[in-house]
Participant: 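Sharing a structure, written as structure tokens. Questions coming.
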Amino acid sequence: MTAAPRVRFAPAPTGYLHVGGARTALFNWIFARQTGGALVLRIEDTDLERSREELVDVVLSTLDWLGIDFDEGPYRQSERLEYYDLAVDKLLGDGRAYRCDCTPDDVKARKEQRGDKTPGYDGFCRDRDLPPGPGVAVRFRTPDEGTVAFDDLVRGHVSFECADLVDFVVQRADATPTFLVANAVDDAEMRITHAIRGEDLLNTVPSVLMLMDALGYEHRPTYAHVPLLVDEKRQKLSKRRHSVAVEEYRDGGYLPEAFVNFLCLLGWGPPDGEEIRPIERTIADFRLQDVTKSAAFFDTKKLDHFNGEYIRALEAADFVERCRPFFDRVEWAPSEWPPGPFVQMAPLVQERVVTLAEVPGLVDFLFLDQVPLDEAAWEKAMKHEAAPAILDATIDAYAEGPWEAEHLHRALAEIGERFGLKLGKAQAPVRVAVTGRTVGPPLFESLEVLGREATLDRLRSARERLAGGR
RNA sequence: GCCCCCAUCGUCCAGUGGCCUAGGACGCCGCCCUUUCAAGGCGGUAACACGGGUUCGAAUCCCGUUGGGGGUGCCA
């Protein structure tokens, strides 16, 4: 009987959750849930500049939005410094590490002097036997020969030559530990069985393995390095050029279910080929071994499609509720919730949007006293010679009769016929006069909700504007 | 430079030696539907990087080339 798996998501707090990080978190979570294992959250903040509490809160709330919950933690490496100190002391005591007072500039300068393009530290302080003191870091003494190999669940067998590994720093001059020791100590101490993370960390495995060995840990996690997420140019997503923060998608009106569904399909494909699927089914079918080896382009076009599908699948009342945050942030934010006019229009809006953020813009004309007139739309719709006559006739026809969509529909269709116009053409001036735009939710339903009074007012003022020249 | 990884339609995945004249999804194009815009329906476009092997047979295995990416930090 093997013990239940233990996995971890270990982000460095940067103030936002990177979409790539979100995906590795998701893969860890799915793996934990399907195996009955535990997911631990560990904040890798050994770099003092990064350890700020509010940065951690962002990660926590965003994971929560995604629906990723964890079973242990968050542990903060900044609160576990004593463990790493002990580890470094052991390394020093056993002669597996040594002190070094070379500054990064020194290392770089010597490298340039050597002329060879070989990078990295040259082992300058290996045998200097320096005493502790300010400006002194600690480096691990890597073996000069031999190989380090391991089996990666997605990459297969991977091996490195020790000779290619430089003496890396385990403790900085300010006495803080580096990622490598903290990682080795924590994965071992926390009994992490599977380290599922981004491929950018593949190269750090040999160092960590050597550290675990030197520290006397017998525990070894099974590694699984998932492919990176890249941009259209196949390069690492950059914060400058792309939306890499999950928060941007949340604020952009994406549904967490859609976002998660999309993320699952980057580097993995469902065995039955059904891409739009509840997370439960992915938890049932996901296999780490099936994760692709090649990098995936984070293509938001597909995300958009998924989001639209998920929005349309929402229960009407749920859709209305989910739109609330997006109404809260417009100038004309409704004072009561849910606002009646929107509730009436919601089903019609729901099947037309790609993101929730678009919703207020489709119904603003119902809330604004002044029509949000778009000049280009006006030009386009009113340039038709029959426009004034259509408005006149519509004002006339809408002055009486039942105020319901079907009737309004029929009346305008008849007016159109009089001018030899199809309804599609005839409704244009009316639509722009009343909603300010050429596109929007179905017109007659919109008018019904708006009411006779407001509709006639807007038609009349459009007519006046037309009479006064443009 | 060196080390590591990767390589199927524009994109994301299927494909694990014969079922492949390579399948699905997104995108794109066309048609239908239509009250604008969507949605929906139908159809179409489009790929095994290249060169050698192995084999009766290769998208699938091996080698090489080319291309791409990651690492090469007292970041993680």
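Note that this is a predicted model, so its numbers are computed, not measured. Chain letters run A, B, ... following the sequence lines, proteins first and then strands; every chain starts at 1.
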Participant: So what does A:Ala296 touch, heavy atoms closer than 4.0 Å: a base, only the sugar-phosphate, or nothing?
Facilitator: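 Here A:Ala296 touches the backbone only, sparing every base.
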Participant: Which base, if any, makes a Watson-Crick or G-U wobble pair with B:rU36, both distances under 3.5 Å?
Facilitator: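 Pair assignment: B:rU36 / none.
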Participant: For B:rC74 and B:rA59, measure between their P atoms and round to the nearest Å.
Facilitator: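 Comparing P positions in B:rC74 and B:rA59 gives a spacing of 48 Å.
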Participant: Any donor-acceptor pair under 3.5 Å between the side chain of A:Lys302 and the base of B:rA25?
Facilitator: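 By the distance-only test, yes, there is a pair.
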Participant: Hey, does the side chain of A:Tyr249 reach the backbone of A:Ser243 with a donor-acceptor pair shorter than 3.5 angstrom?
Facilitator: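 Such a contact is found between A:Tyr249 side chain and A:Ser243 backbone.
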Participant: With heavy atoms under 4.0 Å as the rule, sort A:Arg312 into base, sugar-phosphate or nothing.
Facilitator: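 Since only primed, P, OP1 and OP2 atoms lie under 4.0 Å of A:Arg312, the category is sugar-phosphate.
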Participant: Nearest to the A:Phe306 side chain among B:rA25, B:rC74, B:rC13, which nucleotide is it?
Facilitator: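 Given the options B:rA25, B:rC74, B:rC13, the side chain of A:Phe306 is closest to B:rA25.
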Participant: Looking at B:rU35, B:rG70, B:rG24, which one has an atom nearest to any side-chain atom of A:Glu445?
Facilitator: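 Of B:rU35, B:rG70, B:rG24, B:rU35 is nearest to the side chain of A:Glu445.
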Participant: Please determine, for the side chain of A:Ala12, which listed nucleotide (B:rC6, B:rU35, B:rA76) has the closest atom?
Facilitator: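 In terms of side-chain proximity for A:Ala12, the closest of B:rC6, B:rU35, B:rA76 is B:rA76.
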Participant: When we call it a touch if two heavy atoms are under 4.0 Å apart, what does A:Asn307 touch: a base, just sugar-phosphate, or nothing?
Facilitator: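 Nothing, no heavy atom under 4.0 Å.
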Participant: Mind checking if A:Gly267 touches a base, just sugar-phosphate, or nothing, with heavy atoms under 4.0 Å?
Facilitator: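 The residue A:Gly267 makes sugar-phosphate contact but no base contact.
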Participant: OP1 or OP2 of B:rC37 versus the side-chain N and O atoms of A:Arg437: is any pair under 4.0 Å?
Facilitator: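 No.
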Participant: Rounding to an integer number of angstrom, what distance separates B:rC4 and B:rU11 when you compare their P atoms?
Facilitator: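 Nearest-Å result for B:rC4 against B:rU11 at atom P: 28 Å.
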Participant: Is any side-chain N of the basic residue among A:Arg99 and A:Asp129 closer than 4.0 Å to the acidic one's carboxylate O?
Facilitator: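 Looking at A:Asp129 together with A:Arg99, the answer is no, because their closest N to O distance does not fall below 4.0 Å.
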Participant: Distance check: side-chain N/O of A:Arg172 vs OP1/OP2 of B:rA76, anything under 4.0 Å?
Facilitator: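 Answer yes for this pair, as a side-chain N or O of A:Arg172 is under 4.0 Å from OP1 or OP2.
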Participant: Base, sugar-phosphate, or nothing for A:His409, non-hydrogen atoms under 4.0 angstrom?
Facilitator: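 Contact class for A:His409: base.
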Participant: Looking at B:rG10, does its base get a donor-acceptor pair with the side chain of A:Glu232 below 3.5 Å?
Facilitator: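 By the distance-only test, no, there is no pair.
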Participant: In sequence, state the C-alpha distance, the side-chain angles, and the governing distance for A:Asp105 and A:Thr103, and then conclude on side chain to side chain donor-acceptor pair (under 3.5 Å).
Facilitator: CA-CA 5 Å; A:Asp105 282 345; A:Thr103 64; 5.1 Å; no
Participant: Hey, is the side chain of A:Arg234 pairing donor to acceptor with the base of B:rU11 inside 3.5 Å?
Facilitator: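 Answer no: no donor N or O sits under 3.5 Å from an acceptor.
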Participant: Judged by atom type as modelled, is there a donor-acceptor pair below 3.5 Å linking the side chain of A:Glu44 to the main-chain atoms of A:Phe179?
Facilitator: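 A pair under 3.5 Å: no.
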Participant: Let's see if you can work this out: which of B:rG24, B:rU35, B:rA38 has an atom nearest to the side-chain heavy atoms of A:Leu423?
Facilitator: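 For A:Leu423, the side-chain atoms sit closest to B:rU35.
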Participant: Could you give the distance separating B:rG68 and B:rG73 at their P atoms, to the nearest angstrom?
Facilitator: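 Roughly 23 Å separates the two P atoms.
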Participant: Taking CZ from A:Phe259 and C1' from B:rC26, how many angstroms apart are they, rounded to a whole number?
Facilitator: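 Result: 16 Å.
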Participant: Take atom P in B:rA22 and the same atom in B:rC9, then report the distance between them in whole Å.
Facilitator: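 The answer is 14 Å between these two P atoms.
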Participant: Let me confirm one number: the CG-OH distance from A:Asp89 to A:Tyr84, rounded to the nearest 0.5 Å.
Facilitator: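 Those atoms lie 15.0 Å apart.
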Participant: Would you measure the distance from the P atom in B:rG71 across to the matching atom in B:rU60 and give it in whole Å?
Facilitator: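 30 Å, rounded to whole Å.
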Participant: With RNA chain B as reference, determine whether A:Arg23 or A:Asp101 sits nearer its 5' end, using the nearest nucleotide of each.
Facilitator: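 Its nearest nucleotide being more 5', the pick is A:Arg23.
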Participant: Base, sugar-phosphate alone, or nothing: which one does A:Leu165 contact when heavy atoms must sit under 4.0 Å apart?
Facilitator: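 A:Leu165: no heavy atom of the nucleic acid under 4.0 Å.
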Participant: Are the charged groups of A:Lys380 and A:Asp374 less than 4.0 angstrom apart, N to O?
Facilitator: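 Looking at A:Lys380 and A:Asp374, the cut-off is not met.
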Participant: Could you tell me how far B:rA38 sits from B:rC31 if I compare only their P atoms? Round to whole Å.
Facilitator: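 Taking atom P in both B:rC31 and B:rA38, they lie 15 Å apart.
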Participant: Nearest to the side chain of A:Pro442 - B:rU36, B:rC74, B:rC4?
Facilitator: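 From the listed options, B:rU36 comes nearest.
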Participant: Judged by atom type as modelled, is there a donor-acceptor pair below 3.5 Å linking the side chain of A:Gln427 to the main-chain atoms of A:Gly424?
Facilitator: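 Side chain of A:Gln427 to backbone of A:Gly424: a pair is present.
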Participant: Report the nucleotide, chosen from B:rG70, B:rU35, B:rG69, that has the shortest atom-to-atom distance to any side-chain atom of A:Gln235.
Facilitator: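 It is B:rG69.
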Participant: For A:Arg80, is there an ion pair with A:Glu189 - N to carboxylate O distance below 4.0 angstrom?
Facilitator: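 No, A:Glu189 and A:Arg80 are not salt-bridged.
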Participant: Is the side chain of A:Arg139 donor-acceptor paired with the backbone N or O of A:Ala97 at a distance under 3.5 Å, no angle test?
Facilitator: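 Between the backbone of A:Ala97 and the side chain of A:Arg139 there is no qualifying donor-acceptor contact (under 3.5 Å).
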Participant: Considering only side-chain heavy atoms of A:Asn203, which listed nucleotide, B:rG71, B:rG10, B:rC74, is closest?
Facilitator: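 Ranking B:rG71, B:rG10, B:rC74 by closest atom to the A:Asn203 side chain puts B:rG71 first.
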Participant: Rounded to the nearest Å, what distance is computed from the CG atom of residue A:Leu348 to the P atom of nucleotide B:rU35?
Facilitator: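 In whole Å, B:rU35 P lies 14 Å from A:Leu348 CG.
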Participant: Would you mind telling me which residue lines up with the more 5' stretch of RNA chain B, A:Ala173 or A:Ala295, judged by nearest nucleotide?
Facilitator: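 Looking at the nearest nucleotide for each, A:Ala295 comes out on the 5' side.
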Participant: A:Glu309 near the nucleic acid: base, sugar-phosphate alone, or nothing, with a heavy-atom cut-off under 4.0 Å?
Facilitator: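 A:Glu309: backbone/sugar contact only, no base atoms under 4.0 Å.
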Participant: With heavy atoms under 4.0 Å as the rule, sort A:Pro441 into base, sugar-phosphate or nothing.
Facilitator: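 Counting heavy atoms under 4.0 Å across all strands, the contact made by A:Pro441 includes a base.
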Participant: With a 3.5 angstrom cut-off on both distances, give the Watson-Crick or G-U wobble partner of B:rU66, or none if there isn't one.
Facilitator: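 Across any shown strand, B:rU66 pairs with B:rA7.
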Participant: Of all the choices, B:rC12, B:rG71, B:rC2, which nucleotide is nearest to the side chain of A:Phe297 once you look at every atom?
Facilitator: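 Comparing B:rC12, B:rG71, B:rC2 against the side chain of A:Phe297, the answer is B:rC12.
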Participant: Roughly how far apart, to the nearest Å, are B:rC28 and B:rU45 at atom C1'?
Facilitator: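 Nearest-Å result for B:rC28 against B:rU45 at atom C1': 8 Å.
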Participant: What is the base-pairing partner of B:rC56, counting Watson-Crick and G-U wobble geometry with both distances under 3.5 Å?
Facilitator: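 WC or wobble partner is B:rG18.
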Participant: Scan A:Leu228 against the nucleic acid and name what it touches under 4.0 Å (heavy atoms): base, sugar-phosphate only, or nothing.
Facilitator: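 Answer is sugar-phosphate: A:Leu228 comes under 4.0 Å of backbone atoms only.
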Participant: Does OP1 or OP2 of B:rU72 have a side-chain N or O of A:Lys111 closer than 4.0 Å?
Facilitator: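 For B:rU72, neither OP1 nor OP2 has a side-chain N or O of A:Lys111 closer than 4.0 Å.
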Participant: Taking the side chain of A:Ser294 as heavy atoms from C-beta outward, which of B:rG71, B:rA14, B:rA7 is closest to it?
Facilitator: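 Of the candidates, B:rA7 comes closest.
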Participant: Checking all strands, does A:Lys422 fall into the base, sugar-phosphate, or nothing category for heavy-atom contacts under 4.0 angstrom?
Facilitator: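 It contacts nothing in the nucleic acid.
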Participant: With respect to the side chain of A:Lys236, which nucleotide from B:rG71, B:rC5, B:rU35 is positioned closest?
Facilitator: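 Looking only at side-chain atoms, A:Lys236 lies closest to B:rG71.
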Participant: Distance criterion of 3.5 Å, no angle test: do you see the side chain of A:Arg155 paired donor-to-acceptor with the base of B:rC5?
Facilitator: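 Checked by distance alone, the answer is no.
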Participant: Using atom C1' of each nucleotide, how far apart are B:rG15 and B:rC20 to the nearest Å?
Facilitator: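 Those two atoms are separated by 9 Å.
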Participant: At under 4.0 Å between heavy atoms, what does A:Phe160 touch on the DNA or RNA strands: base, sugar-phosphate, or nothing?
Facilitator: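 Contact class for A:Phe160: sugar-phosphate only.
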Participant: Within the 4.0 Å heavy-atom criterion, would you say A:Thr204 contacts the bases, only the backbone, or no part of the nucleic acid?
Facilitator: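 If one applies the 4.0 Å heavy-atom cut-off, A:Thr204 turns out to touch a base.
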Participant: Return the nucleotide paired to B:rC42: Watson-Crick means purine N1 to pyrimidine N3 with N6-O4 or O6-N4, wobble means G-U with N1-O2 and O6-N3, both under 3.5 Å.
Facilitator: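 B:rC42 is paired, partner B:rG30.
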Participant: Using Watson-Crick or G-U wobble geometry with both distances below 3.5 Å, tell me the partner of B:rC2, or none.
Facilitator: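 Per the H-bond distance test, B:rG71.
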Participant: Take atom CZ of A:Phe150 and atom P of B:rC3, then tell me their distance rounded to the nearest Å.
Facilitator: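 In whole Å, B:rC3 P lies 17 Å from A:Phe150 CZ.
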Participant: Using a heavy-atom cut-off of under 4.0 Å over every strand shown, decide if A:Val170 touches base, sugar-phosphate, or nothing.
Facilitator: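 Counting heavy atoms under 4.0 Å across all strands, no contact is made by A:Val170.
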